[in-house]
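First the structure, in the form of structure tokens, and then the observations on it.
All values below come from the heavy atoms of this structure, side chains included, with hydrogens, waters and symmetry mates left out.
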Amino acid sequence: MAVDADKAHNRSNSTTSKASYAHHDDTGTASSHHGSPESLKHQRLEASRKLANPLAGLSHERLYQMGEEYAVNAGLTSDEDLRAFRLGAVIASNQTDYSSILELTDREREVLEREKTHKWSNPRMLYWVIAICSLCAAVQGMDETVVNGAQIFYKEAFGIAEDTWLIGLTNGAPYLCCAIVGCWVTEPMNKRFGRRGTIFISCAISALACFWQAFTNTWYHMFIARFFLGFGIGPKSATTPIFAAECSPPRLRGALVMQWQMWTAFGIMIGYVADLAFYPVPDRGIPLGLNWRLMMGSALIPAVVVCCLAYVCPESPRWYLTKNRHKDAFASVCQLRHEKVQAARDLFYTHTLLKAEEQTTANIGTRNRIKEVFTIRRNRNAMIASEIVMFMQQFCGVNVIAYFSSEIFREAGYSEVEALAASLGFGVINFLFAIPAFYTIDTYGRRNLLLTTFPLMALFMFFTGFSFWIPEDSPAHIGCIALGIYLFGIVYSPGEGPVPFTYSAEAYPLYIRAIGMSFATATTWFFNFVLALTWPSLLEAFRPQGAFSWYGGWNIVGFFLVLFLVPETKEKTLEELDRVFDVDLRRMMAFGARQAGWFWGRYVMRRKGGRKPVHPGEEGLDGDSGEEGEFLGEKKGVVGGMDGAGRV
């Protein structure tokens, strides 16, 4: 994923999680040069809360006036538009109760109610946007995995089969580009070209880079081509979820962020299909081979399709607002909603968000916001938790399998075509088990999913590695290796697959969330490159038994890091998140130890009685809702967003 992939998703987490209008000039976000550290912390957290729900408590009369003023200033002066913005402003302040708004027609009231009961009931144009975003995710997945099969051939053709570091460097080149350059050009590209323009340009770069890779004849030429592929992967993976989130109704945004993960897994699977399909192609006189060239070039097909379709759908209304093109923004959002009152509601709220963000940035300053990620305990603890889950998304070892599974299966004794077929099996599993993540992530909670899946991932990594000790002439040798890899994919897909980006997007307070997500995405891309670079040499030095056990060990480390340093964020209001993260690390670690002890006694030793430990940041909350002792929770929530009470 990418620098700003969750930036828009989380700035627009829900209608209760947006921003303030110009009337909230008294946000309390005083300059960092004033007041005590405790007072400064309070000011920053108060600014974040005001960003979350700025319209609460305002009278209907004031909201009517604000909506009409905005419409007049935007040049939307027809009676129909003025009415839509008057009512839209009132609805924006409370999207769970419309009974007091008598001016709504029966049709408008029905559509607003259906948003809550049938969130997938939307105009066709919105589904066109979703389709394009899904294709972008598939491009991403294919870009990552066609190299899996192609490297079997091009490393021999380029004469680097014995140089494991060059193999790793060539394979990891796109992720190096994403970490050091690609992630950081996303925002300027979006400002200049818009969401559609950035998607078009990044997919065009991906298509050209894939075409370029198919015509390389040396390892360093391939490295350069793959490095430039990173300029397509980084901005595309960042911008596409932003585009989807900014075009979608509030209750659909979280599900669309999850769709990015699912369709990326689909693209990964299609990459394996392409490898298998082009494997038998003869060279036909092409120097250094033809089949691997077709594998590498095949990923350009979905990228070209996206380029052809990108400008068929409307631009993001939010981007138009940043350019003061309010009429264009309203025309765009009207194509994405059934009724004008819905469009006016969402546009007015987005406008207030932008005004509040501008005010907060002016009051605090970008440099001070970066500093406060580290100097304020609440922010620092959120960063620690976010960096842990992002780092472990790579060091759980999943991309070792995604990028090198064909080589792994060949090491196990498969033929080349059998190795490609077995890799396709992993791709199918990765895709199919990404689908239940829509349910599991908010049914069981982020922390609970990680605490459950990390031990299982460690077990299956050890199982896979140890299976290489089974005699090669035994049918169990190949069967157990494949079984271990497939079981790992099953438990990864609902756990470390969707959780890291969802968690990182929720953990930070709103006023530094974009900065926090930049750190998070740069972390995952950098360690993605580290994995791709080091695996071939690690496999040679440690042999398969040691290499898989290395990542099995990291999964155990990940379990304890989550247990001691990663609190639950599911269904927490912004105030509850502030309390959960504003806790001394020693107390947080002590809670983790108590929770593990309680779980062991309750479910392993079968001892009855004893109260579940409560996180120190949740002690004294009404209803004692902070209990989270079980590794598997029970309550449902809203994927990646907030419910009507402002709960994450």
Side-chain angles (χ1 to χ4, degrees), residues 12 14-16 18-23 54-55 58-129 194-196 245-253 312-355:
S12 52
S14 120
T15 55
T16 60
K18 301 281 188 229
S20 71
Y21 193 57
H23 68 286
L55 301 177
L58 296 178
S59 67
H60 282 197
E61 290 73 17
R62 174 59 179 149
L63 291 165
Y64 280 138
Q65 180 185 356
M66 290 168 60
E68 184 170 331
E69 287 175 354
Y70 171 73
V72 171
N73 291 335
L76 300 164
T77 55
S78 70
D79 291 342
E80 185 181 12
D81 291 344
L82 290 173
R83 174 186 176 276
F85 277 96
R86 283 195 296 267
L87 297 178
V90 176
I91 298 170
S93 68
N94 181 2
Q95 297 201 28
T96 59
D97 182 12
Y98 314 118
S99 59
S100 61
I101 309 175
L102 302 179
E103 297 92 335
L104 290 173
T105 66
D106 291 340
R107 165 64 179 168
E108 290 168 340
R109 200 177 300 276
E110 177 189 358
V111 168
L112 291 170
E113 289 296 333
R114 281 185 66 84
E115 281 187 331
K116 295 186 287 185
T117 59
H118 299 77
K119 69 179 181 181
W120 292 99
S121 175
N122 294 284
R124 290 183 179 180
M125 185 56 73
L126 180 61
Y127 290 105
W128 188 251
V129 172
R195 311 304 187 219
R196 293 181 304 179
E246 291 177 349
C247 291
S248 304
R251 289 178 176 84
L252 198 57
R253 289 178 188 133
V312 176
C313 64
E315 178 58 271
S316 160
R318 180 188 172 98
W319 184 80
Y320 278 135
L321 289 181
T322 65
K323 302 298 181 182
N324 290 318
R325 295 168 60 178
H326 296 273
K327 286 187 176 180
D328 289 334
F330 189 52
S332 175
V333 75
C334 282
Q335 295 182 65
L336 303 168
R337 302 293 185 271
H338 286 297
E339 294 291 329
K340 275 195 171 184
V341 71
Q342 294 174 290
R345 172 202 63 190
D346 293 341
L347 192 66
F348 175 77
Y349 213 100
T350 303
H351 171 70
T352 63
L353 168 63
L354 290 171
K355 290 296 182 183

Q. Could you give the distance from CZ (Arg345) to OG1 (Thr350), rounded to the nearest 0.5 Å?
A. 10.0 Å

Q) Say you draw a straight line from CG of Leu63 to CD1 of Ile101; how long is it, rounded to the nearest 0.5 Å? A) 9.0 Å

**Q.** Glu315 side-chain N/O to Arg195 backbone N/O, donor-acceptor pair under 3.5 Å
**A.** yes

**Q.** Spatial distance of atom CG (Asn73) from atom CD (Glu68) [nearest 0.5 Å]
**A.** 10.5 Å

Q | Sequence-distant partners of Arg325, salt bridge (charged side-chain N to carboxylate O under 4.0 Å, His left out), two or more places apart | A | Asp328

Q.
The criterion is side chain to side chain donor-acceptor pair (under 3.5 Å); which residues satisfy it with Glu339, sequence neighbours excluded?
A. Arg107

Q | Non-hydrogen side-chain atoms of Val72 and Phe85 separated by less than 4.5 Å | A | no

Q. How many angstroms lie between atom SG of Cys247 and atom CH2 of Trp319, to the nearest 0.5 angstrom?
A. 12.5 Å

Q | Option passing side chain to side chain contact (heavy atoms under 4.5 Å, CB included) with Gln342 (candidates Val111, Val333, Leu336, Asn122) | A | Val111

Q: With sequence neighbours excluded, tell me which residues meet side chain to side chain donor-acceptor pair (under 3.5 Å) with Glu108.
A: Arg83, Thr105

Q: Determine the minimum heavy-atom distance between Glu115 and Pro249, stating which atoms define it.
A: OE2-CB, 4.4 Å

Q.
Please determine whether the number of non-hydrogen atoms from other residues, nucleotides or ligands lying under 6.0 Å from atom NZ of Lys323 exceeds 12.
A. yes

Q.
If I compare all heavy atoms of Ala329 with all of Pro317, which pair ends up nearest, and what's the gap?
A. CB-O, 3.5 Å

Q.
Please evaluate residues Glu103 and Tyr64 with respect to the criterion side chain to side chain contact (heavy atoms under 4.5 Å, CB included), reporting the C-alpha separation (whole Å), side-chain torsions for both, the decisive distance (0.1 Å), and the verdict.
A. CA-CA 12 Å; Glu103 297 92 335; Tyr64 280 138; 2.7 Å; yes

Q.
Checking Arg196 now: which residues fulfil side chain to side chain donor-acceptor pair (under 3.5 Å) with it, not counting sequence neighbours?
A. none

Q. Measuring from Lys340:NZ to Leu347:CG, what's the distance to the nearest 0.5 Å?
A. 12.0 Å

Q: Supply the atom-to-atom distance Arg86 CZ to Phe348 CZ, rounded to the nearest 0.5 angstrom.
A: 13.0 Å

Q) Does the side chain of Glu61 pick up a donor-acceptor pair with the side chain of Gln65 at under 3.5 Å? A) no

Q | Listed partners of His326 passing ring-ring contact (aromatic ring centres under 6.0 Å, His included), at least two apart | A | Tyr70, His351

Q: Could you pull out all residues at least two apart from Ser316 that satisfy side chain to side chain donor-acceptor pair (under 3.5 Å)?
A: Glu246

Q. Which heavy atom in Leu82 sits nearest to a heavy atom in Leu76, and how many Å separate them?
A. CD2-O, 3.7 Å

